[in-house]
Chemist: 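This is the structure I have questions about; it appears just below.
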Amino acid sequence: MGANSSSISELPENEYLQKLSGSEPISENDPFWNQLLSFSFTTPTNSADLKLLEEATISVCKSLVEKNPRTGNLGSLIKVFLSRTKELKISAECQNHLFIWQAHNALFIICCLLKVFISRMSEEELQLHFTYEEKAGPSSYGTECEDLIEELLCCLIQLIVEIPLLYPCQHTDSNWWKWLCSWYRGRYSGGGTSALGYAVRDITYSISLEAVTTLIVFLSCQLFHKEILRESIIHKYLMHGRCLPYTSRLVKTLLYNFIRQERSPPPGTHAFQQQTDGGGLLYGIASGVATGLWTVFTLGGVGSKASAQLEQCSPLASQSLLLLLVLANLTDAPDTPNPYRQAIMSFKNTQDNTAFSSSNPHAFQINFNSLYTALCEQQKSDQATLLLYMLLHQNSNVRTYVLARTDIENLVLPILEILYHVEERNSHHVYMALIILLILTEDDGFNRSIHEVILKNITWYAERVLTEISLGSLLILVVIRTIQYNMTRTRDKYLHTNCLAALANMSAQFRSLHQYAAQRIISLFSLLSKKHNKVLEQATQSLRGSLGSNDSPLPDYRFWEMSDCLHVSETKLRHAQDLNVIEEVIRMMLEIINSCLTNSLHHNPNLVYALLYKRDLFEQFRTHPSFQDIMQNIDLVISFFSSRLEQAGAELSVERVLEIIKQGAVALPKDRLRKFPELKFKYVEEEQPEEFFIPYVWSLVYNSAVALYWNPRDIQLFTMDSG
């Protein structure tokens with residue numbers, strides 16, 4: 001290749017890549033690896049970089065796929081990487097000053113190659129590429145076979161859980177760190193531990209990020225299958241054998257990576273700088289033959305705009321969260337549940353001194369206050385909302401802690417903002433936010449406390465200026481807005497059901513409803529009433545047309561017989577089905593209003609006011625057989641307060657009406673209100689939830705992973721967005 005490669009187009013002809021993908025085996029002890037791995041570069045930071053890189057090196061990868069079963073060069077590269085990682089933890093006797101960089105660079109190459117291999121072959125074929133044979137001797141007929149997949153996976157996990165990211169004072173128990181401090185001070189006098197802290201932290205950050213990314217790539221075989229993988233070689237290694245003891249430490253580390261939100265080093269700052277005399281850690285290799293290959297290989301700074309954006313976030317935190325979600329949603333093995341999900345379900349607060357159950361070897365402790373803060377701050381991302389859902393749904397310790405917080409608004413407000421901007425969010429993100437609210441509203445303490453939290457100037461709520469409103473009233477407003485959006489746009493029954501369930505759970509605890517929230521409750525009922533009348537008219541016309549006469553009397557639609565329906569086309573029958581759905585929603589709204597009136601009428605004069613103002617809406621439902629029972633209480637309240645207002649005279653001010661309502665609420669005989677069962681709905685996952693969550697998680701990985709690119713034409717698990 002000469003000293004340099006001047007363009008990406010020259011990469012396929014590069015002598016190092018040709019040798020790696022060629023027909024000759026390369027021993028793990030060959031000096032070639034030192035030449036290949038001793039380079040300095042800026043790690044690609046976005047999928048566009050990786051796409052260009054993959055397209056430029058596809059011929060090299062194809063050649064390696066073809067020849068590796070005979071050469072074992074992929075196995076040799078992995079063995080070189082494994083040897084370098086072992087050196088990361090050795091004592092002061094180590095003399096190899098390049099081991100950190102070579103480990104990182106080897107892992108980067110392995111990750112790039114693995115991604116291509118996994119997208120082009122089955123797991124069984126991939127396993128063959130990881131199996132190498134060494135002849136025991138010229139006269140020996142036996143062979144020694146070793147499977148490198150488990151060893152590599154275990155090594156990646158060890159890297160993630162054992163490599164420190166912070167400063168020396170926080171890692172004095174690490175032998176390799178002590179040695180590195182000692183070596184660095186001796187070689188760079190005057191730099192001190194602060195300079196070392198930044199330099200080594202930057203390198204270990206990159207190694208940790210690359211290890212997390214490589215584990216995601218290992219698991220990406222799911223992307224290339226339409227069906228959910230229930231038996232996978234990679235899953236088996238991660239859930240059994242040598243990887244299993246690291247389960248809780250891996251989950252804990254990934255959570256802490258998410259919590260800490262460590263910023264990524266600026267591009268190029270993670271390299272040890274050369275000394276002015278031309279020495280230094282890299283011994284000037286960056287100016288030698290390796291520079292040409294790797295400057296081009298990493299695209300020479302292409303994607304700097306994305307790099308600037310990444311400086312404002314934490315790639316390691318983002319990537320760690322994605323890996324955690326992938327691991328937590330692996331399907332259970334036939335003989336044992338997913339240990340990563342078990343760890344997520346059972347970890348406790350560091351302040352919790354109760355003993356762990358002996359039945360769960362994967363339990364651990366984590367700082368719940370730090371976790372809560374991170375969850376509150378990161379809810380703009382789908383993956384953070386999905387993590388919050390998982391923790392609330394699966395970990396009772398987290399759920400209890402969250403519900404006990406006195407600053408619950410810090411968590412609820414970002415969730416409400418997601419729902420408020422429903423037009424800008426994907427449907428899955430909206431579902432997760434809504435289900436989180438449903439889970440929270442299962443708790444009566446939450447339903448009471450949110451009406452005691454007073455908020456001022458909610459700037460993102462644009463329909464009306466809200467200078468002061470309770471968190472409970474704001475929650476009602478946002479959920480009702482979501483219902484109305486769904487009625488006019490998506491028409492998703494599942495969304496309706498969960499919205500109404502959350503309102504129903506809260507209804508008995510409604511307190512001091514804001515006048516606008518009360519108005520919106522009645523306005524939603526008005527909208528449903530109009531929709532009901534429209535659908536009823538369409539259904540009646542459909543049946544009349546099917547019976548062939550516009551003059552013949554029709555049976556009441558509530559008592560249509562099957563013989564009537566036989567004459568109705570599929571389109572016309574859909575009107576009847578729509579009518580049933582809208583009546584179910586109306587029934588639920590009446591139950592919510594009734595629950596508030598029977599349990600907390602004296603706390604909600606604004607709701608009574610709105611009810612009286614729109615009393616005519618309820619006339620048509622008084623005698624309706626589907627609503628007669630629930631209408632009794634509402635009709636009683638309307639009649640009682642209407643009578644008191646009539647006695648007070650005409651032309652009453654709003655203030656006077658509210659005063660009469662407050663006085664009447666005390667006088668209303670509660671025993672005349674019919675008791676109904678308490679409205680309580682509990683979120684339950686559908687059967688086989690993996691059919692929803694696994695495609696969802698991998699769509700997040702596909703769209704959000706740092707510096708990972710897959711050809712959309714190869715994706716089988718989910719339908720690609722046309723945009």
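Keep in mind the model is a prediction, meaning the values are calculated, not measured.
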Chemist: With a 4.5 Å limit on heavy-atom distance, are the side chains of Lys614 and Gln519 in contact?
Modeler: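 When only atoms from C-beta onward are counted, Gln519 and Lys614 do not touch, as no gap falls below 4.5 Å.
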
Chemist: State whether the side chain of Asn395 and the backbone N or O of Val398 hold a donor-acceptor pair below 3.5 Å, judged by distance alone.
Modeler: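 Here the side-chain-to-backbone pair exists.
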
Chemist: Would you say CZ of Phe676 has more than 12 non-hydrogen atoms from neighbouring residues, nucleotides or ligands within 6.0 angstrom?
Modeler: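 For Phe676, atom CZ is crowded (more than 12 foreign heavy atoms under 6.0 Å).
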
Chemist: Short question: side chain of Asn410, backbone of Cys376 - any donor-acceptor pair under 3.5 Å?
Modeler: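 It does not hold such a pair.
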
Chemist: Can you tell me how far the OG atom of Ser470 sits from the CG atom of Leu513, to the nearest 0.5 Å?
Modeler: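 CG of Leu513 is found 7.0 Å from OG of Ser470.
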
Chemist: Compute the centroid of each ring, for His603 and then for Phe510, and state whether the two points are separated by less than 6.0 Å.
Modeler: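 Ring centres of Phe510 and His603 not closer than 6.0 Å.
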
Chemist: Give a yes or no answer on whether the side chain of Gln365 reaches the backbone of Asp352 with a donor-acceptor pair at less than 3.5 Å.
Modeler: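 Checked: pair present.
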
Chemist: Please report the interatomic distance OG1(Thr482) to CD1(Ile418), rounded to the nearest 0.5 Å.
Modeler: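 Here the interatomic distance stands at 11.0 Å.
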
Chemist: Main chain of Ile661, side chain of Arg644: is a donor-acceptor contact present, judged purely on distance under 3.5 Å?
Modeler: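 No, because the side chain of Arg644 does not come within donor-acceptor range (under 3.5 Å) of the backbone of Ile661.
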
Chemist: Which heavy atom of Ala518 sits nearest to which heavy atom of Ala610, and what is that distance?
Modeler: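 Looks like O-CB, 3.9 Å.
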
Chemist: Evaluate the side-chain proximity of Val581 to Val535: yes if any heavy-atom separation is below 4.5 Å, no if none is.
Modeler: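 They are not in side-chain contact.
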
Chemist: Within a 6.0 Å radius of atom NZ on Lys534, are there more than 12 heavy atoms belonging to other residues, nucleotides or ligands?
Modeler: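 No, NZ of Lys534 has 12 or fewer neighbouring heavy atoms, counting only those of other groups under 6.0 Å.
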
Chemist: What's the separation between atom NE2 in His428 and atom CG in Leu700, rounded to the nearest 0.5 Å?
Modeler: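 The CG atom of Leu700 is 8.5 Å from NE2 of His428, to the nearest 0.5 Å.
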
Chemist: Taking CD in Glu686 as the centre, count heavy atoms belonging to other residues, nucleotides or ligands within less than 6.0 Å. Is the count above 12?
Modeler: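 Atom CD in Glu686 is not packed in, count stays at 12 or less.
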
Chemist: Is it the case that the side chain of Asn703 and the backbone of Ser699 share a donor-acceptor pair, with hydrogens and angles ignored and the cut-off at 3.5 Å?
Modeler: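 Yes; at least one donor-acceptor contact below 3.5 Å.
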
Chemist: Under a 4.5 Å cut-off applied to non-hydrogen side-chain atoms, are Glu690 and Asn329 in contact?
Modeler: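 The answer is no, as the side chains (C-beta and beyond) never meet within the 4.5 Å cut-off.
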
Chemist: Consider only side-chain N and O atoms of Arg587 and Ser626, and report whether a donor and an acceptor are under 3.5 Å apart.
Modeler: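 No donor-acceptor contact under 3.5 Å links the two side chains.
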
Chemist: Ignoring hydrogens and geometry, is there a side-chain-to-backbone donor-acceptor pair from Asn633 to Leu673 under 3.5 Å?
Modeler: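 No, because the side chain of Asn633 does not come within donor-acceptor range (under 3.5 Å) of the backbone of Leu673.
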
Chemist: Testing the basics here: between Glu442 and Tyr683, what is the closest heavy-atom pair and its distance to 0.1 Å?
Modeler: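 Shortest heavy-atom separation between Glu442 and Tyr683 comes out as OE2-N, 2.7 Å.
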
Chemist: Looking only at atom types and distance, does a side-chain atom of Asp443 sit under 3.5 Å from a main-chain N or O of Phe446, one as donor and one as acceptor?
Modeler: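 Yes, Asp443 side chain to Phe446 backbone: donor-acceptor pair under 3.5 Å.
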
Chemist: When rounded to the nearest 0.5 angstrom, what is the spacing between CG in Asn594 and CE in Met589?
Modeler: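 One gets 12.0 Å once the value is rounded to the nearest 0.5 Å.
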
Chemist: State, to 0.1 Å, how close Asn604 and Arg511 come at their nearest heavy-atom pair, and which atoms those are.
Modeler: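 Smallest interatomic distance, heavy atoms only, reads OD1-C, 3.6 Å.
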
Chemist: Quick one: are Ser600 and Gln509 in side-chain contact, heavy atoms under 4.5 Å?
Modeler: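 Of all side-chain heavy-atom pairs linking Gln509 with Ser600, none is under 4.5 Å.
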
Chemist: If you take all heavy atoms of Ala501 and Leu438, which pair is closest and at what distance?
Modeler: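 Minimum heavy-atom contact is CB-CD1, 3.7 Å.
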
Chemist: Measure the CD1-CG distance between Ile592 and Asn505 for me, rounded to the nearest 0.5 Å.
Modeler: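 Output value for this atom pair is 9.5 Å.
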
Chemist: Salt bridge check: are Glu463 and Arg481 linked by an N-O gap of less than 4.0 Å?
Modeler: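 Between Arg481 and Glu463 there is a salt bridge, with a charged N closer than 4.0 Å to a carboxylate O.
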
Chemist: Examine Phe718 together with Trp698 and report whether their ring centres are nearer than 6.0 Å.
Modeler: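 They do not qualify: ring centres at least 6.0 Å apart.
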
Chemist: What heavy-atom pair brings Glu583 and His624 nearest, and what distance separates the two atoms?
Modeler: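 So the minimum-distance heavy-atom pair works out to OE2-NE2, 3.4 Å.
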
Chemist: What about the rings of Tyr485 and Tyr420, do their centers lie closer together than 6.0 Å?
Modeler: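 That pair fails the under 6.0 Å test.
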
Chemist: When you look at CZ of Arg464, are more than 12 heavy atoms from neighbouring residues, nucleotides or ligands closer to it than 6.0 Å?
Modeler: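 Count over threshold, so yes.
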
Chemist: Are any of the side-chain nitrogens in Asp382 or Arg425 under 4.0 Å away from the carboxylate oxygens of its partner?
Modeler: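 So Asp382 does not pair with Arg425 through a salt bridge.
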
Chemist: Going by heavy atoms in the side chains, are Asn457 and Glu468 under 4.5 Å from each other?
Modeler: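 Contact flag for Asn457/Glu468 side chains = no.
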
Chemist: Regarding Thr385 and His429, do their side chains bring together a donor and an acceptor under 3.5 Å, going by distance alone?
Modeler: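 On atom types as modelled, these side chains qualify, holding a pair under 3.5 Å.
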
Chemist: Does a side-chain heavy-atom distance below 4.5 Å link Leu391 with Val402?
Modeler: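 A side-chain contact is absent here, since even the closest heavy-atom pair is not under 4.5 Å.
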
Chemist: Which label fits Tyr696 and Phe692: parallel for a plane angle under 30°, tilted from 30 to 60°, or perpendicular past 60°?
Modeler: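 Tyr696 vs Phe692 ring planes: tilted.
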
Chemist: Would you say the side chains of Gln484 and Arg520 form a donor-acceptor pair under 3.5 Å?
Modeler: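 There is such a pair between these side chains.
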
Chemist: Taking NZ, NE, NH1 and NH2 as the nitrogens, is one of them in Lys662 or Glu659 under 4.0 Å from a carboxylate oxygen of the other?
Modeler: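 A salt bridge is absent here (no side-chain N lies under 4.0 Å from a carboxylate O).
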
Chemist: Would you please say whether a donor-acceptor pair under 3.5 Å links the side chains of Thr598 and Lys675?
Modeler: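 Per modelled atom types, Thr598 and Lys675 side chains form no pair under 3.5 Å.
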
Chemist: Would you check if Ile483 and His496 make a side-chain contact, meaning some heavy-atom pair closer than 4.5 Å?
Modeler: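 Yes, side chains in contact.
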
Chemist: Where the side chain of Ser643 meets the backbone of Ser639, is there a donor-acceptor pair that is under 3.5 Å apart?
Modeler: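 Judged by distance alone, no pair lies under 3.5 Å.
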
Chemist: Strictly under 6.0 Å, is that where the ring centroids of Phe627 and Phe618 end up?
Modeler: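 Here the rings of Phe618 and Phe627 have centres that are no less than 6.0 Å from each other.
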
Chemist: How about NZ on Lys682, more than 12 heavy atoms from neighbouring residues, nucleotides or ligands closer than 6.0 Å, or not?
Modeler: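 Open.
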
Chemist: Roughly how far, to the nearest 0.5 Å, is the CD1 atom of Ile454 from the OG atom of Ser473?
Modeler: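 Answer rounded to 0.5 Å: 8.0 Å.
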
Chemist: Considering non-hydrogen atoms only, spot the tightest contact between Ser320 and Asn257 and give its length.
Modeler: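 The pair with the smallest heavy-atom distance is OG-ND2, 3.0 Å.
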
Chemist: Just wondering, do Phe621 and Ile630 contact through their side chains at under 4.5 Å, heavy atoms?
Modeler: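 Ile630 does not reach Phe621 side chain to side chain.
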
